Amino acid sequence: NKLSRLGVCSEVIMSLTCPFFWRHIYIPILPQRLTDYVCAPMPFVVGVHSSHRPNDLMLDGVVVVELDNNSICLSESETIPPLPEKGYQMIMKVLKRQVADVNEPIGKDAKVNERDINDVFM
């Protein structure tokens with residue numbers, strides 16, 4: 001519902017691609033008059049304000065992250081495959097070392113070991 005949160009979350013999603021580089025369409029906050037662009041036949045990361053969200057027919061094949069509802073929505077034809085068990089275990093091991101209590105936010109002085117993160121994804 002807030003453009004500032006939308007912009008920050010768009011940047012966070014892009015940072016999750018690290019160490020890779022996103023070479024497709026990226027628009028952190030899409031103006032209302034350009035919402036038809038979510039029908040593009042290529043990969044994209046686009047921030048759309050909830051009041052400008054296109055109808056579900058336009059979103060076929062699009063993964064929608066609902067910031068207001070804290071949910072991820074897929075079209076009926078899409079499924080997200082589960083992580084392989086080995087990858088899942090590696091990610092959980094690294095995350096548990098980084099986060100002492102999953103109900104508490106990570107502190108400002110928390111140190112993230114880049115090597116641990118790279119080991120999971122490389």
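On a predicted model such as this, the values are computed, not experimentally measured, just so you know.
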K.L.:
Could you pull out the closest heavy-atom pair between Pro28 and Leu6, with the gap in Å?
P.N.:
O-CG, 4.1 Å
K.L.:
Just so I know, are the side chains of Tyr37 and Val46 near enough to count as touching, which here means a heavy-atom distance under 4.5 Å?
P.N.:
no
K.L.:
Measure the shortest side-chain to side-chain distance between Tyr88 and Pro82 over non-hydrogen atoms and say whether it is less than 4.5 angstrom.
P.N.:
no
K.L.:
Determine whether Val64 and Ile72 make a side-chain contact, defined as any pair of heavy atoms from C-beta on separated by less than 4.5 Å.
P.N.:
no
K.L.:
I need the minimum non-hydrogen distance between Thr35 and Leu30, along with the two atoms involved.
P.N.:
CA-CD2, 3.7 Å
K.L.:
By salt bridge (Lys or Arg N to Asp or Glu O under 4.0 Å), which residues pair with Glu66, not counting sequence neighbours?
P.N.:
Arg53
K.L.:
Any chain of hydrophobic side-chain contacts (each under 4.5 Å) joining Leu34 to Val62?
P.N.:
yes
K.L.:
Using residues 13-22 as the side-chain source, report each donor-acceptor pair under 3.5 Å to any protein atom, sequence neighbours left out, with the distance given to one decimal.
P.N.:
unit_1: Ser15; atom_1: OG; unit_2: Val12; atom_2: O; d: 2.7
unit_1: Thr17; atom_1: OG1; unit_2: Met14; atom_2: O; d: 2.6
unit_1: Trp22; atom_1: NE1; unit_2: His24; atom_2: O; d: 3.3
unit_1: Trp22; atom_1: NE1; unit_2: Ile25; atom_2: O; d: 3.1

K.L.:
If you define the side chain from C-beta out and look only at heavy atoms, does anything of Ile29 sit under 4.5 Å from Ile27?
P.N.:
no
K.L.:
CG of Leu59 to SG of Cys39: how many Å apart, nearest 0.5 Å?
P.N.:
7.5 Å
K.L.:
Honestly curious: do Met42 and Val38 fall in one hydrophobic cluster under the side-chain, below-4.5 Å linking rule?
P.N.:
yes
K.L.:
List the residues meeting side-chain hydrogen bond (donor to acceptor under 3.5 Å, both in side chains) with Ser51, not counting sequence neighbours, and say none if there are none.
P.N.:
His49
K.L.:
For Asn69, does the CG atom have more than 12 heavy-atom neighbours from other residues, nucleotides or ligands under 6.0 Å away?
P.N.:
yes
